[in-house]
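Reading through the structure tokens given below for one structure.
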Amino acid sequence: MERSTFPLNAWYAAAYDVEVRRVLLARRICNKPIVLYRKEDGTAAALADACWHRLVPLSLGRLEGDKVICGYHGLEFDDTGRCVYMPSQHTINPSACVKSYPIAEKHRFIWIWPGDPALADPALIPDLHWNDDPDWVADGKLIEVNCDYRLVVDNLMDLTHETFVHGTSIGDRAVAEAPFVATHNEKFAVVTRWMERIDPPPFWKKQYGKPGKVDRWQIIRFEAPCTIAIDVGVAAAGTGAPQGDRSRGVNGYVLNTITPATDRTCLYFWAFARNYDIRNQARTHELREGVAGVFSEDEAVLEAQQRAIETNPDHVFYNLNIDAGSMWARKLIDRMIDAESQLTRAAAE
């Protein structure tokens with residue numbers, strides 16, 4: 001049996017909250033077809049997107065009240081997945097149900113737990129609080145990327161690629177040359193990089209809005225299995241930012257959570273949050289579109305990498321010093337997968 005590339009016992013972002021409405025939304029999460037919708041009370045629900053009767057996707061049907069009606073033969077399912085109506089008969093087969101999934105709404109995302117429902121603790125939802133913190137303003141998008149979700153994790157854990165992929169916006173030679181520190185524990189991997197007394201790259205020069213050298217930081221925190229919050233910013237050189245005083249600069253967070261759709265595709269949810277000029281909606285829009293342009297460059301590289309991997313399935317990758325963060329991230333993912341496999345074997349014995 002082929003080893004899984006992702007754990008199931010985890011919270012995965014399935015949609016931005018505004019995407020889930022009083023209509024049926026089809027998504028694939030961890031190789032599972034899922035249909036999302038909001039009930040009349042405004043809460044979200046998630047069912048397996050396959051009718052019990054003939055496996056036709058329920059997302060091809062319609063929502064009536066809180067019932068999902070199959071668009072093929074009219075079977076009706078409630079939010080628990082139980083069939084509550086069958087056409088042309090009074091007795092409902094007691095086995096007529098579809099899987100329902102634990103679902104939660106937090107940090108402007110709809111989260112789904114595709115694994116054991118008994119383990120779905122909302123306290124385990126990754127921390128992306130900057131996305132709805134009143135002291136910050138954030139906006140972002142969803143990118144559907146044709147690659148293994150772990151390639152996106154690799155990309156975000158090693159930002160030296162900014163120098164070469166994003167040289168006209170956020171990248172400069174200082175990113176590739178600056179020293180960094182990689183740390184980890186049982187759940188997190190962190191890469192910290194400071195670039196002191198440098199000229200800011202175009203993106204940060206515009207955000208900072210002042211002349212002169214800056215101290216720039218990138219503090220990348222990976223939370224297993226697939227969420228990365230990157231603390232970024234610049235401050236006037238020599239004003240104490242590395243020691244904790246960022247008052248003479250601008251601070252942002254790049255929020256990322258990557259959901260495996262299939263073994264070779266993923267849903268990449270991102271947002272850029274800032275704590276300066278937070279009431280300027282024009283700036284929020286400009287930043288969202290600017291960052292979207294940056295990430296489109298990543299998308300092209302990652303999809304090309306995926307195609308090359310599929311063409312060369314036996315190729316062994318060699319790691320450089322810059323891969324320390326991504327290596328630890330992958331180890332944490334593998335530990336989750338291994339622990340889950342052990343639970344599955346123990347339950348079967």
| To the nearest 0.5 Å, how far apart are OH in Y149 and OG1 in T5? | 5.5 Å
| query | Can you name the closest pair of heavy atoms from P7 and C30 and give their distance? | reply | O-SG, 4.5 Å
| task | Check whether any side-chain heavy atom of I322 lies under 4.5 Å from a side-chain heavy atom of M157, and answer yes or no. | result | no
| query | Taking atom CD1 of I258 and atom CD1 of I143, what is their separation to the nearest 0.5 Å? | reply | 10.0 Å
| query | Would a distance-only check, ignoring hydrogens and angles, find a side-chain to backbone donor-acceptor pair under 3.5 Å from R22 to G65? | reply | yes
| message | Test side chain to side chain contact (heavy atoms under 4.5 Å, CB included) on Y268 and N256; report intermediate values, then the result. | response | CA-CA 7 Å; Y268 178 13; N256 315 268; 2.7 Å; yes
| For the residue pair Y16 and F109, does the interplanar ring angle fall in the parallel (under 30°), tilted (30 to 60°) or perpendicular (over 60°) class? | tilted
| Roughly how far, to the nearest 0.5 Å, is the CD1 atom of I92 from the SG atom of C97? | 11.5 Å
| field | same_hphob_cluster(L36, L24) at 4.5 Å side-chain heavy-atom cutoff | value | no
| said: So which atom in L332 and which in A189 form the shortest heavy-atom distance, rounded to 0.1 Å? | reply: CD1-N, 3.9 Å
| request: Inspect the contact between E19 and R27 and indicate whether a charged nitrogen and a carboxylate oxygen are less than 4.0 angstrom apart. | output: yes
| query | Do NZ/NE/NH1/NH2 and the carboxylate oxygens of R38 and D66 come within less than 4.0 Å? | reply | no
| query | Do D215 and M195 have side chains that get closer than 4.5 Å, going by heavy atoms? | reply | no
| query | Is the backbone of T43 close enough, under 3.5 Å, to the side chain of E105 for a donor and an acceptor to pair up by distance? | reply | no
| Sub-6.0 Å ring centroid separation between Y101 and W113 | no
| message | To the nearest 0.5 Å, what is the distance between CD1 on I29 and CZ on F6? | response | 10.0 Å
| Is a donor on one side and an acceptor on the other found under 3.5 Å between the side chain of R28 and the backbone of N31? | yes
| Do the two ring centres, one from W136 and one from Y253, sit under 6.0 Å apart? | yes
| field | Side chains of D231 and Q218 in contact at under 4.5 Å (non-hydrogen atoms) | value | no
| said: Parallel, tilted or perpendicular: which one describes the rings of W328 and H184, with boundaries at 30° and 60°? | reply: parallel
| task | Would you name the heavy atoms of V152 and C147 that are closest together and state the gap between them? | result | CG2-SG, 3.8 Å
| request: Specify the closest pair of heavy atoms between D79 and A45, including all atoms of both residues, with the distance to one decimal. | output: CB-CB, 4.1 Å
| Do D116 and N9 meet the criterion of a side-chain donor-acceptor pair at a distance under 3.5 Å? | no
| field | R283/D277 ion pair, N-O < 4.0 Å | value | yes
| said: Quick one, E196 with K213, criterion salt bridge (charged side-chain N to carboxylate O under 4.0 Å, His left out). Give me CA distance, side-chain angles, the key distance, then yes/no. | reply: CA-CA 8 Å; E196 298 185 42; K213 301 286 187 179; over 6 Å; no
| Can F203 be reached from V214 by stepping across I, L, V, M, F, W or Y side chains whose heavy atoms are under 4.5 Å apart? | yes
| said: Is a donor from one side chain sitting under 3.5 angstrom from an acceptor on the other, for Y276 and N251? | reply: no
| message | In this structure, would L119 and W11 fall into the same cluster of hydrophobic residues linked by side-chain contacts under 4.5 Å? | response | yes
| message | Take a 6.0 Å sphere around CG of N321 and say whether it holds more than 12 heavy atoms from other residues, nucleotides or ligands. | response | no
| query | Can T227 and F222 be said to form a side chain to side chain contact (heavy atoms under 4.5 Å, CB included), step by step? | reply | CA-CA 6 Å; T227 297; F222 168 82; over 6 Å; no
| field | Nearest atoms (heavy-atom pairs only) where Y208 meets A236 | value | OH-CB, 3.2 Å
| query | Can you tell me if D17 uses its side chain to pair, donor with acceptor, with the backbone of A15 under 3.5 Å? | reply | no
| query | Do V250 and V294 belong to the same hydrophobic cluster, where Ile, Leu, Val, Met, Phe, Trp and Tyr are linked whenever their side-chain heavy atoms lie under 4.5 Å apart, directly or via other members? | reply | yes
| said: Please find the pair of heavy atoms, one from A14 and one from I112, that lie closest to each other, and give the distance. | reply: CB-CD1, 3.8 Å
| request: Say whether, by atom type as modelled, one donor and one acceptor occur between the side chain of R108 and the main chain of A138 under 3.5 angstrom. | output: yes
| message | Side chains of L302 and N155, heavy atoms from C-beta outward: is any pair under 4.5 Å? | response | yes
| Sub-4.5 Å side-chain heavy-atom contact between L58 and F77 | yes
| query | Do any N or O atoms from the side chain of T239 and from the backbone of A235 form a donor-acceptor pair under 3.5 angstrom? | reply | no
| query | Less than 4.5 Å apart, any side-chain heavy atom of Y72 and any of L60? | reply | no
| said: Could you go through I219 and V190, starting from their C-alpha distance and side-chain angles, then the distance that decides it, and tell me whether this counts as side chain to side chain contact (heavy atoms under 4.5 Å, CB included)? | reply: CA-CA 7 Å; I219 303 171; V190 179; 4.1 Å; yes
| task | For the pair E286 and K206, find out whether any cationic side-chain nitrogen is under 4.0 Å from an anionic carboxylate oxygen. | result | yes
| task | Spell out, as yes or no, whether a donor-acceptor pair under 3.5 Å connects the side chain of R330 to the backbone of G325. | result | no
| field | Heavy-atom check, side chain of F269 versus side chain of L267, under 4.5 Å | value | yes
| note | Distance col, row T257:OG1 vs I125:CD1, nearest 0.5 angstrom, shows 10.5 Å
| said: Go through it in stages, so that I can follow the logic: the residues are D135 and R274, the test is salt bridge (charged side-chain N to carboxylate O under 4.0 Å, His left out), and I'd like the CA-CA distance, side-chain angles, deciding distance and then a yes or no. | reply: CA-CA 9 Å; D135 293 329; R274 71 182 191 279; over 6 Å; no
| Stepwise side chain to side chain contact (heavy atoms under 4.5 Å, CB included) test for I228 and V153 | CA-CA 8 Å; I228 299 172; V153 172; 4.2 Å; yes
| field | Within one Ile-Leu-Val-Met-Phe-Trp-Tyr cluster: V23 and L47, side-chain cutoff 4.5 Å | value | no
| message | A side-chain contact here means heavy atoms from C-beta on lying under 4.5 Å apart; do L124 and E223 qualify? | response | no
| request: Before accepting this row, confirm whether a basic side-chain N of the pair K99/D49 lies closer than 4.0 Å to the acidic partner's carboxylate O. | output: no
| request: Kindly say whether G81 contributes a backbone atom to a donor-acceptor pair with the side chain of D78 at under 3.5 angstrom? | output: yes
| message | If we ignore hydrogens and angles and just use 3.5 Å, is the side chain of Y12 paired with the main-chain N or O of C226 as donor and acceptor? | response | no
| task | Could you tell me whether the side chain of D323 and the main chain of S326 form a donor-acceptor pair under 3.5 Å? | result | no
| query | Do N146 and T265 meet the criterion of a side-chain donor-acceptor pair at a distance under 3.5 Å? | reply | no
| request: Kindly compute the distance separating CE (M336) from OG (S341), expressed to the nearest 0.5 Å. | output: 11.5 Å
| query | Run the salt bridge (charged side-chain N to carboxylate O under 4.0 Å, His left out) check on K141 and E289 step by step: do they pass? | reply | CA-CA 9 Å; K141 292 187 177 184; E289 296 309 308; 3.1 Å; yes
